[in-house]
Engineer: 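Sharing a structure with you now.
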Amino acid sequence: MQDTLSRQLLAALEDLGGAPEGFTPEFEVPANADHGDLSTNAALQLARHFRRAPRHIAEHIAEHMDVDANLVSGVEVAGAGFINFRFADSWLHAGLGHLLARGEAFGRTGHGHGQRALVEFVSANPTGPLTVGHGRNAVLGDTVATLLEWTGFDVTREYYFNDAGRQMRVLGESVRARYEALVRPDMPTKSVDGVIVPESFPDDGYLGDYIADIAASVFEEFGASLLDAGVADGRDLADVDIYKKAAEKAIFAEIEATLKRLGIRMDSYFNERTLYDSNAIWDIVEALREKDLAYDKDGAVWFRTTAFGKEQDTVLVKSSGEPTYRLPDIGYHVNKIERGFDRIVDIFGADHIATFPDVLSGVEALGHDASRISVLIYQFVTLVRSGEPVKMSTRKATYVTLDELMDEVGEDVTRFFFLMRSANTHLEFDLDLAREASEKNPVFYLQYAHARIASILRKAEETGLQTNGDGDLSLLKHPAEIALIKQLLGFPEAIHMAAELTEPQKLATWLRETATSFSKFYGECRIIGQEETLATARLQLAAATRIVLKNGLTVLGISAPESM
RNA sequence: GCGCCCGUAGCUCAACCGGAUAGAGCAGCGGUCUUCUAAACCGCAGGUUGCAGGUUCGAGUCCUGCCGGGCGCGCCA
C-alpha cells in the first residue's frame with residue numbers, strides 16, 4: 001500500500017520539477033482517526049526544496065495523484081500540509097480475506113529471509129537458581145528471538161556461561177564444606193553472614209539451601225570415600241572439581257526446568273572455555289598488539305580504550321596471566337560473527353551499560369562489522385516486600401527465585417509482566433501485592449477477549465451457522481467493524497516494528513488495543529440472531545480477531561485459552 | 001567527580017527514526033447483564049510531559065545547563 005502511494009505521490013510531483021534525488025515520502029498511521037488511515041508529511045518536508053508553502057504543494061499532490069479507487073477512497077489535505085489517505089472498504093475486505101486465508105501464519109513477514117540471527121540471553125553462571133532479575137532477561141530474550149523468527153530470520157537461542165572462574169570455584173568449595181559436614185557431623189562450625197556453616201566453608205561461599213542438597217547427592221553417590229581418599233583438609237584445589245561438577249550439573253538441570261516452565265528452550269550452550277581451548281583469545285591479543293591497540297604495562301596487557309574515547313585504558317590480561325572477562329567477551333562476539341550470524345542480539349542488565357562498548361570497539365578493531373550486534377539493555381527489577389526493597393544476592397541467598405514468582409502469579413502473568421513495559425525503565429515489583437496485582441494484570445484482558453471469541457464460535461456452531469465458510473465480507477460496513485479490520489490488518493507491521501526495534505513491549509501494547517477494538521465491535525454488533533449472511537460475515541471477523549490474538553499471544557509466549 | 005538510563009494524570013505505564021487536540025489501565029464518581037462470557041462496556045473527572053533555555057514550519061521526543069531517582073566507574077564477572 002505504502003509503496004503504491006509513494007510511487008503515485010512522486011509521479012504527481014513531476015509537473016513541479018520532481019522531488020529531489022533519493023527522496024522517499026514517509027507514511028504513518030495518524031493517532032487521530034479523523035486524520036485518515038495513512039498520512040504523509042511529504043509536502044512539509046519538500047517545502048524548502050520547492051520554495052512553496054507546504055499546503056500549496058500538498059494540494060497539488062492531492063489533485064494530481066492518480067489513485068486506485070479500490071484502494072483509496074479519499075485524499076485530503078489537512079493542517080499545515082499533511083496529506084491524509086482513507087482506505088477504501090473494498091481494500092480492507094480483501095485484506096481481511098487474506099488474513100483468514102493465512103491463518104496462523106498471518107503476521108509472519110519475510111524481512112529477514114535467508115538471514116541467521118543469534119540471540120544470547122540468560123547467560124547466568126550456574127551458581128544458583130534463576131532469580132526474578134534473570135526472569136526479565138529470559139523473557140525478553142526469548143520473545144525477541146520469537147519476533148525475529150516471525151520476521152523471517154533463522155534464529156538460534158544461545159546461553160553463554162563460564163564454569164572456570166572464581167565464582168564456580170567458590171561454589172565448589174561451598175559444596176565441599178557441606179559434604180564434609182555430612183561425613184563428619186561433629187565438625188566445628190562458624191557463622192557467615194548470620195548463617196551457621198561448617199568451619200571449612202569459604203567466607204564468601206554460597207549460602208543457599210540448594211548447596212546442602214547438592215552435597216547430599218554427592219554423599220549419596222560417593223559415601224565418605226572422597227574424604228577417605230585423603231582430601232579432607234579441603235586445601236587441595238584440584239579436587240574441588242568433583243563438587244563443582246556436581247553443582248554445575250544439578251544447577252543447570254534446575255535452570256533448564258525453570259526455563260521450560262516459561263516455555264523457553266535454548267538451542268545452544270556456549271562454554272567460555274571453548275575460547276581458551278581454541279587459543280582464540282590469545283590470537284586476539286596478538287591482533288590488537290599489531291594494531292597498537294594492546295600493550296604491556298605493570299606486567300599486565302592493556303587494551304587502549306582511550307583510542308575509542310574512553311577516559312582510561314582497561315586491562316585485558318591480568319599480571320597473573322589470567323584474562324579479564326573483557327577479552328573472552330570480545331572473542332565470543334568475534335566467534336558469533338565468524339559463525340555467520342547476520343543479526344546478533346545480546347540481552348544485558350543495566351550493569352553492563354558501561355562495558356559492552358569496549359567489546360564492540362574490540363570487535364570493530366579486529367576488522368569485523370560490529371553493526372550486526374545490537375544490545376538490549378534492561379533496567380533492574382526491584383522487589384519490594386512489606387514496603388521495603390529486598391536486597392538481592394545469589395551468594396547470600398536473599399533472592400526471590402523465578403520459580404517462586406511463577407508459583408505465586410503463574411507463568412502467563414510472569415511473562416506478560418516482563419513484556420508489558422519498555423525494557424529500559426525500572427521495574428518495581430511488590431511481592432505482597434503480587435497476587436492482587438496479577439488479577440488486575442492486562443494479560444487477562446487479552447486472554448478474556450480470546451476466550452470470548454472462542455465461546456461465540458462454539459455457540460454459532462450449535463446454532464448451525466457456518467464458522468469457516470466464505471461469507472460476504474463486503475457486508476462489514478459498521479464503523480466498529482471497519483475500525484476492527486483496520487486494526488487487525490496492522491498486525492504484521494506491529495510484529496515487524498517490535499522485532500526491528502527489539503521492543504517486545506510494543507507488541508503487548510498493540511495487542512491490548514486490538515482487544516479493545518474487538519470489545520467495541522462486540523458491544524455494538526451482535527452476531528448470533530442477525531440475518532444469516534451478515535452473521536456469517538461477522539463471524540469471520542470474529543474468527544480473524546481470534547487468529548490475531550492467538551498469534552500475538554503465541555509470539556509473547558502466553559497461552560490463549562478457549563475459555564476462562 | 002565522570003559515563004549511561006529514567007523523570008508524562010493520585011498510582012503503574014503508552015505515545016510507531018520530530019507531526020495535528022499527549023493516550024490507556026488502576027484508584028475515584030455515575031451508568032449498563034430476561035439476548036453471543038460483566039475478567040467486559042459506556043460516561044465524568046484528572047496534565048505547565050521535573051525546571052530553564054536552544055534548534056524549526058512544528059518538540060514529551062533532538063541539543064545545552066540545572067534538579068531528582070537508578071546503574072556503572074577493580075589487574076571482579
Engineer: Could you point out which residue of Phe252(A), Tyr332(A), Phe270(A), Phe121(A) forms a ring pair (Phe, Tyr, Trp, His ring centres under 6.0 Å) with Phe161(A)?
Structural biologist: Phe252(A)

Engineer: What does Thr463(A) touch in the nucleic acid at a heavy-atom separation under 4.0 angstrom: a base, only the sugar-phosphate, or nothing?
Structural biologist: nothing

Engineer: Do any side-chain nitrogens or oxygens of Tyr448(A) fall under 4.0 Å of OP1 or OP2 in rA39(B)?
Structural biologist: yes

Engineer: What about Asp351(A), does its side chain sit under 3.5 Å from the base of rG72(B) through a donor-acceptor pair?
Structural biologist: no

Engineer: At 4.0 Å (heavy atoms only), tell me whether Val301(A) reaches a base, stays on the sugar-phosphate, or touches nothing.
Structural biologist: nothing

Engineer: When you check the phosphate oxygens OP1 and OP2 of rC41(B), does a side-chain N or O of Tyr445(A) lie under 4.0 Å from one of them?
Structural biologist: yes

Engineer: What contact category does Arg421(A) fall into here, base, sugar-phosphate, or nothing, at under 4.0 angstrom with non-hydrogen atoms?
Structural biologist: sugar-phosphate

Engineer: C1' atom, rG46(B) versus rC26(B): distance in rounded Å?
Structural biologist: 13 Å

Engineer: I'd like to know if Thr324(A) reaches the base of rC75(B) with its side chain such that a donor and an acceptor end up less than 3.5 angstrom apart.
Structural biologist: no

Engineer: Determine: side-chain N/O of Lys506(A) to OP1/OP2 of rC17(B), distance under 4.0 Å, yes or no.
Structural biologist: no

Engineer: Check this for me: Glu532(A), atom CD, are more than 12 non-hydrogen atoms of other residues, nucleotides or ligands nearer than 6.0 Å?
Structural biologist: no

Engineer: List the steps and the verdict of salt bridge (charged side-chain N to carboxylate O under 4.0 Å, His left out) for Lys336(A) and Glu120(A).
Structural biologist: CA-CA 10 Å; Lys336(A) 288 178 181 177; Glu120(A) 181 219 327; 2.9 Å; yes

Engineer: Counting the atoms with a prime plus P, OP1 and OP2 as sugar-phosphate, which does Arg326(A) contact under 4.0 Å by heavy atoms, base, sugar-phosphate, or nothing?
Structural biologist: nothing

Engineer: Taking only the side-chain nitrogens and oxygens of Gln505(A), find out if one of them lies under 4.0 Å from OP1 or OP2 of rA15(B).
Structural biologist: yes

Engineer: Would you say Lys318(A) reaches rC76(B)'s phosphate, i.e. side-chain N/O to OP1/OP2 under 4.0 Å?
Structural biologist: yes

Engineer: Can His352(A) be called stacked on rG72(B) when the rule is centres closer than 5.5 Å and an angle between planes below 30°?
Structural biologist: no

Engineer: Checking only heavy atoms, does the side chain of Asn32(A) share a donor-acceptor pair with the base of rA22(B) at less than 3.5 Å?
Structural biologist: no

Engineer: Taking any heavy-atom pair under 4.0 Å as a contact, classify Pro323(A): base, sugar-phosphate, or nothing.
Structural biologist: sugar-phosphate

Engineer: Checking all strands, does Asp329(A) fall into the base, sugar-phosphate, or nothing category for heavy-atom contacts under 4.0 angstrom?
Structural biologist: nothing

Engineer: Name the orientation of the base relative to the sugar in rC33(B): syn if the glycosidic angle is within 90° of 0, else anti.
Structural biologist: syn

Engineer: Tell me what Asp358(A) touches on the nucleic acid: a base, only sugar-phosphate, or nothing, going by heavy atoms under 4.0 Å.
Structural biologist: nothing

Engineer: With a 4.0 Å cut-off on heavy atoms, is Ala460(A) in touch with a base, just the backbone sugar-phosphate, or nothing at all?
Structural biologist: nothing

Engineer: If rC17(B) has a Watson-Crick or G-U wobble mate with both distances under 3.5 Å, name it; if not, just say none.
Structural biologist: none

Engineer: Taking only the side-chain heavy atoms of Trp302(A) (C-beta and beyond), determine which of rG25(B), rC71(B), rC75(B) contains the nearest atom.
Structural biologist: rC75(B)

Engineer: Under 4.0 Å, heavy atoms only, any strand: does Thr516(A) hit a base, just the sugar-phosphate, or nothing?
Structural biologist: nothing

Engineer: If you look at every strand shown and take non-hydrogen atoms under 4.0 Å, does Asn424(A) touch a base, only sugar-phosphate, or nothing?
Structural biologist: sugar-phosphate

Engineer: Any base atoms under 4.0 Å from Glu562(A), or only sugar-phosphate, or nothing? Heavy atoms, all strands.
Structural biologist: base

Engineer: Kindly indicate whether the side chain of Thr509(A) and the base of rA15(B) share any N or O donor-acceptor pair separated by less than 3.5 Å?
Structural biologist: no

Engineer: Ring of Phe82(A) versus six-membered ring of rG19(B): centres under 5.5 Å and planes under 30°?
Structural biologist: no

Engineer: Ring of Phe308(A), cation from Arg304(A) - is the NZ or CZ under 6.0 Å from the centre and inside 45° of the axis?
Structural biologist: no

